[in-house]
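Read the structure below first, then the notes.
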Amino acid sequence: MAMTMNGEVQLAAPREAVWTKLNDPAVLKVCIPGCEELEKTEDNGFRAVAKMKVGPVSARFKGRVTLSDLDPPNGYRISGEGEGGVAGFAKGGATVALAEKDGGTLLTYDVEAQIGGKLAQLGQRLINGTAKKLADEFFANFAKAVQG
């Protein structure tokens, strides 16, 4: 099952500060809903463990996240895949762009993802609703982290 999502969030911080926080594992760990571990690896990436609940299915996903197309401080591409045991798998990516706007930074994102296994049987509406909720939660947390 595939899905796409996009959006933008206005942050009250300079673009360089937003860029720094987008690349800081300690900041990302507290912003990612359900994140239990996030460790930087040597190759522009992270190893991650996150616990997620989608409808009746709960799973601990273990996976890798890679940053590519780095264009400081304008944006990057983030992609990852995770294995959730019997719950299934998730993989996808997002393009993140930063632009100066109204004395702060406008962060724009385009996400595409695929899921399989038990999760994919839950139905598109539940999956999309959960994905949107997780994205909103991440960006709300990130906005708080950026604004100190």
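Note that these values count all heavy atoms, side chains included, but never hydrogens, waters or copies made by symmetry. Given the structure is predicted, the values throughout are model-derived calculations rather than measurements.
- Take Lys118 and apply the salt bridge (Lys or Arg N to Asp or Glu O under 4.0 Å) test, not counting sequence neighbours, and it matches no residue.
- Residues Val57 and Leu122 have side chains in contact (heavy-atom distance under 4.5 Å, counting atoms from C-beta outward).
- When every heavy atom of Cys35 is checked against every heavy atom of Lys29, the shortest pair comes out as CB-O, 3.5 Å.
- Nearest heavy atom pair, residue Val111 against residue Ala94, reads CG2-CB, 3.8 Å.
- Here the CG-NZ distance, from Leu11 to Lys21, works out to 11.5 Å after rounding to the nearest 0.5 Å.
- Across every non-hydrogen atom of Gly55 and Leu126, the tightest pair is CA-CD2, 3.8 Å.
- Cluster annotation: Val54 is not connected to Val49 through the hydrophobic network of ILVMFWY side chains, with a link wherever side-chain heavy atoms come within less than 4.5 Å.
- At least one donor-acceptor pair under 3.5 Å links the side chain of Asn141 to the backbone N or O of Cys31.
- Leu38 and Ala48 get closest at one heavy-atom pair: CD1-CB, 3.7 Å.
- Remark: Phe139 CZ to Glu8 CD distance equals 11.0 Å, nearest 0.5 Å.
- Contact check for Met5 versus Lys132: side-chain heavy atoms found under the 4.5 Å cut-off.
- Scored by the salt bridge (Lys or Arg N to Asp or Glu O under 4.0 Å) test, Glu39 finds Arg47 as partners (sequence neighbours excluded).
- Using a 4.5 Å cut-off on side-chain heavy atoms (C-beta onward), Val9 and Phe142 make no contact.
- With rounding to the nearest 0.5 Å, the separation of CG in Leu119 from CE in Met1 is 9.0 Å.
- Applying the side chain to side chain donor-acceptor pair (under 3.5 Å) definition to pairs two or more places apart or across chains, those involving residues 69-78 are Arg15-Asn74, Asp71-Asn74, Arg77-Thr95, Arg77-Glu112.
- Two residues are said to be in side-chain contact when any heavy atoms from C-beta on lie closer than 4.5 Å; Asp110 and Thr4 fail this criterion.
- For the pair Leu70 and Trp19, the minimum side-chain heavy-atom distance is below 4.5 Å.
- Side-chain atoms of Leu134 and Met52, non-hydrogen and from C-beta on, do get closer than 4.5 Å to each other.
- Ion pairing between Lys62 and Glu37 fails under the 4.0 Å rule for side-chain N and carboxylate O.
- Within a 6.0 Å radius of NZ in Lys53, more than 12 heavy atoms belonging to other residues, nucleotides or ligands are found.
- Considering only heavy atoms from C-beta on, Leu67 comes within 4.5 Å of Asn23 through its side chain.
- Counting heavy atoms from C-beta outward, Leu98 and Leu106 have side chains that stay 4.5 Å or more apart.
- Put simply, Ile32 and Val18 are part of the same group of oily side chains (I, L, V, M, F, W, Y) that touch within less than 4.5 Å, one to the next.
- A donor-acceptor pair under 3.5 Å is formed between the side chain of Gln147 and the backbone N or O of Ala12.
- Two rings, from Phe89 and Phe61, have their centers 6.0 Å or more apart.
- We find that Asp24 and Lys40 are not joined by a salt bridge, their nearest charged nitrogen and carboxylate oxygen being 4.0 Å or further apart.
- Across all their heavy atoms, Ala90 and Ile115 have their closest contact at CB-CG2, 3.9 Å.
- Closest approach of Gln10 to Lys101, counting heavy atoms only: NE2-O, 2.9 Å.
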Check against side-chain contact (heavy atoms from CB on, under 4.5 Å), Thr66 and Asp43: CA-CA 8 Å; Thr66 309; Asp43 55 352; 5.7 Å; no

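- For Glu83, the CD atom counts as densely surrounded, since its 6.0 Å shell holds more than 12 non-hydrogen atoms of other residues, nucleotides or ligands.
- Ile78 and Val27 fall within the same hydrophobic cluster, defined by Ile, Leu, Val, Met, Phe, Trp and Tyr side-chain heavy atoms under 4.5 Å apart, directly or through other members.
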